[in-house]
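Contents: one structure, followed by commentary.
Note that the structure is predicted; figures quoted are calculated from it, not measured.
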Amino acid sequence: MTISKMTALHRRAHHLFLVLCLVSLFGASFFCLLTTGCSHAPQDSRSASSAGEWHDFKGTWTAAGSRSIMPFGGDRRAAISILNGSLVLAGSSRPNAGFRAEAFVFNDTATGMVGRAVWTDEHGDQAFSELRGEGTADNNTITGTFVGGTGRYAGANGTYEFSWRFVLENEDGVVEGQSMGLKGRIRAGSQQTGSGQGGLL
């Protein structure tokens, strides 16, 4: 084999080697690009509500639990209720479709009612609210005031209102009830504390 033929063969081998290197480099880069593009963690579908953005809602709160009643002279009565149930919301800007809802309520037929409520969504995030109302047959409107929360409801504020009716009451203190006309609005991101800070009801 002549020197010229050997040189040409060497050049071809060198070119082939360069092509293979480029193909390998391109293939590795392309593979990295694909795997990088596909390896991002899925976006959290429960992104927190934007600070300052109001979410209007309406819905129905149903609950069951226990109620203890104490006569307090004459027609006056005091009662403590512990209720657990579910809250289903509607509206295009509702903060969530549903919550597990629990409430502790103290009612005095002479002075009205006060209570505390915790709404917990399917992710475990919670919204806290204070409840107040006249608590009489003539005025059964209850107002809830959001006073913070956890997760996406951190710093929640806003209000809601509803009336309540018991659909079951027995002598053992077992009760069941539901809200009527529940509606309100909530927003997150503005830290706020409850008026009952430092103590219970």
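In this structure, Ser93 contributes its side chain and Asp56 its backbone to a donor-acceptor pair below 3.5 Å. When atom types are taken as modelled, the side chain of Asn140 and the backbone of Trp164 share a donor-acceptor pair closer than 3.5 angstrom. Judged by distance alone, the side chain of Asn96 and the main-chain N or O of Gly98 form a donor-acceptor pair under 3.5 Å. With hydrogens and angles disregarded, no donor-acceptor distance shorter than 3.5 Å links the side chain of Arg100 to the backbone of Glu122. For Thr109 (side chain) and Arg77 (main-chain N/O), a donor-acceptor pair under 3.5 Å exists by modelled atom type. Judged purely by atom type and a 3.5 angstrom limit, Arg185 has no side-chain atom pairing as donor or acceptor with the backbone of Trp54.
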Please assess Arg76 against Thr111 for the test side chain to side chain contact (heavy atoms under 4.5 Å, CB included), listing each intermediate value before the final yes or no. CA-CA 10 Å; Arg76 186 176 181 181; Thr111 61; 3.9 Å; yes
Please assess Met113 against Ile142 for the test side chain to side chain contact (heavy atoms under 4.5 Å, CB included), listing each intermediate value before the final yes or no. CA-CA 8 Å; Met113 63 85 65; Ile142 300 170; 4.1 Å; yes
For Arg152 and Asp125: C-alpha separation, side-chain torsions, deciding distance, then whether salt bridge (Lys or Arg N to Asp or Glu O under 4.0 Å) applies. CA-CA 7 Å; Arg152 64 188 301 227; Asp125 295 337; 5.2 Å; no
With side chain to side chain contact (heavy atoms under 4.5 Å, CB included) as the criterion, how do Val105 and Val114 come out once you've worked through the C-alpha distance, each side chain's angles and the decisive distance to 0.1 Å? CA-CA 6 Å; Val105 175; Val114 293; over 6 Å; no
Is there a side chain to side chain contact (heavy atoms under 4.5 Å, CB included) between Val167 and Thr62 once you walk through the steps? CA-CA 10 Å; Val167 296; Thr62 58; over 6 Å; no
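Taking OG of Ser68 as the reference point, atom CD1 of Ile82 lies at 7.5 Å (rounded to 0.5 Å). Rounding to the nearest 0.5 angstrom, the gap separating the CG atom in Leu131 from the CD atom in Glu161 is 12.5 Å. Taking CD of Glu134 as the reference point, atom CZ of Arg132 lies at 11.5 Å (rounded to 0.5 Å). Here CD of Glu102 is found 12.5 Å from OG of Ser86. Values are rounded to the nearest 0.5 Å. Asp121 CG to Leu87 CG: the interatomic distance, rounded to the nearest 0.5 Å, is 11.5 Å. Atom CD of Glu176 sits about 9.0 Å away from atom CG of Asn170, to the nearest 0.5 Å.
Using modelled atom types and a 3.5 Å distance limit, the side chains of Gln126 and Thr120 yield a donor-acceptor pair.
Residues Leu182 and Val88 fall into different hydrophobic clusters, defined by Ile, Leu, Val, Met, Phe, Trp and Tyr side chains chained together at heavy-atom separations under 4.5 Å.
Ring centroid separation for the pair Tyr160 and Phe146 comes in under the 6.0 Å cut-off.
Aromatic ring orientation, Phe99 versus Trp119: tilted (interplanar angle from 30° to 60°).
Pairing each heavy atom of Ala154 with each of Ala188, the nearest pair is O-CB, 3.7 Å. The heavy-atom pair separating Glu53 from Arg187 by the smallest distance is O-CB, 3.1 Å. Residues Arg67 and Phe166 approach most closely at NH1-CE1, 3.4 Å, considering heavy atoms. The heavy-atom pair separating Trp61 from Ala117 by the smallest distance is CH2-CB, 3.8 Å. In terms of heavy-atom proximity, Ile186 sits nearest to Pro95 at CG2-CG, 3.8 Å.
No side-chain heavy atom of Ser129 sits under 4.5 Å from any side-chain heavy atom of Thr145.
Within 6.0 Å of CG in Asp75 there are 12 or fewer heavy atoms belonging to other residues, nucleotides or ligands.
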